[in-house]
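The structure under discussion appears below in the form of structure tokens.
Ligands are counted one by one from 1 in listed order, and the atoms in each one are counted from 1 as well.
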Amino acid sequence: MSNVHLIDHPLVQHKLTLMRRKDASTNTFRTLLHELSSLMAYEVTRDMPVQDIDIETPLETMTGKMIDGKKLVFVSILRAGNGILEGMLNVVPGARVGHVGLYRDPKTLKPVEYYFKMPQEMQARDIVVVDPMLATGNSAIAAVDRLKKLKPKSIKFVCLLTCPEGIAALQKAHPDVDIYTAAIDRQLNEHGYILPGLGDAGDRIFGTK
Ligand code: URA
């Protein structure tokens with residue numbers, strides 16, 4: 001079974017609490033999400049491979065270590081994933097970016113893909129899928145199903161918040177995909193919202209409600 005990495009650093013927890021408050025403005029919410037995503041990026045990239053690189057300091061030559069950011073692809077599940085994307089790119093500016101657009105068919109309630117754009121040569125890349133809320137898990141599962149067809153080296157999933165139902169669903173469908181989250185909340189409600197949660201992440205990021 002995959003690992004669930006709970007990122008419980010005090011700075012992450014502090015910012016998340018500020019974001020959850022219903023009176024946080026759109027600007028505050030978005031700014032905090034970017035800051036928090038940059039902090040989460042440190043944890044998600046902890047095991048990234050580094051290469052030895054010879055350099056010259058002002059005093060002598062030495063061998064330093066560098067990552068190859070281009071091997072990493074952040075895949076944003078539209079539209080709320082874009083809120084995390086920006087913070088992640090602050091930390092790994094050389095990373096490539098992919099986008100997946102999914103909507104829920106009102107009859108079947110199944111996710112339907114309306115957009116899918118990835119960099120080339122995905123077989124050589126490690127993927128980090130980003131979406132602020134892992135709730136029912138349906139979008140995450142559909143996105144990972146699709147990405148696995150491209151045979152990437154690895155896939156991780158990063159969210160801000162999840163709940164036991166979302167973790168169980170993603171782990172069942174994709175036991176090889178590690179989950180990174182800043183909190184595991186109590187439960188899903190009957191409308192698929194996380195409780196206590198923070199409401200609709202997309203609306204809060206983009207001010208659409
Ligand atoms: N998506 C959201 O934006 N919020 C939730 O609570 C669940 C899914």
For [atom], which protein heavy atom lies nearest, and how many Å away is it?
| atom | answer |
| --- | --- |
| atom 4 (N) of ligand 1 | Gly199 O, 2.8 Å |
| atom 3 (O) of ligand 1 | Ala201 N, 2.7 Å |
| atom 5 (C) of ligand 1 | Tyr193 CD2, 3.4 Å |
| atom 6 (O) of ligand 1 | Ile194 N, 2.8 Å |
| atom 7 (C) of ligand 1 | Gly192 O, 3.4 Å |

key: Cationic N near anionic O, under 4.0 Å, Asp126 to Arg96   =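 Result for this pair is no, no salt bridge flagged.
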ask   = Can you check whether Met133 has an N/O within less than 3.5 Å of an N/O in ligand 1?
value =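 Between Met133 and ligand 1, no N or O pair is found under 3.5 Å apart.
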task = Give yes if a backbone or side-chain nitrogen or oxygen of Gly202 is under 3.5 Å from a nitrogen or oxygen of ligand 1, and no if not.
result =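 N/O-N/O distance below 3.5 Å does not exist for this pair.
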ask   = How about Thr63 and Asp54: does a side-chain donor come under 3.5 Å of a side-chain acceptor?
value =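 Present: a donor and an acceptor within the cut-off.
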message = Do Thr181 and Leu6 make a side-chain contact, defined as non-hydrogen atoms from C-beta onward lying under 4.5 Å apart?
response =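 Touching, per the 4.5 Å side-chain cut-off.
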query = Heavy-atom distance under 4.5 Å between the side chains of Ile55 and Ile53, does that happen here?
reply =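 Yes - at least one pair of side-chain heavy atoms lies under 4.5 Å apart.
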key: Residue-ligand contact Gly197/ligand 1, heavy atom below 4.0 Å   =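 False for this residue.
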query = Any chance CD of Glu86 has more than 12 other-residue heavy atoms, nucleotides or ligands included, within less than 6.0 Å?
reply =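 No.
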task = Between Ala135 and ligand 1, find which residue part has any heavy-atom pair under 4.0 Å and reply side chain, backbone, both or neither.
result =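 For Ala135, the contact with ligand 1 is made by the side chain alone.
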query = Taking the six-membered ring of Phe116, is the NZ or CZ of Arg146 close enough (under 6.0 Å from the centre) and on axis enough (within 45°)?
reply =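 Geometry flag: set, cation within 6.0 Å and 45°.
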inquiry  = Test your reading of the model: is there a side-chain donor-acceptor pair from Thr28 to the backbone of Ala24, 3.5 Å cut-off?
reply    =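 Side chain of Thr28 to backbone of Ala24: no pair is present.
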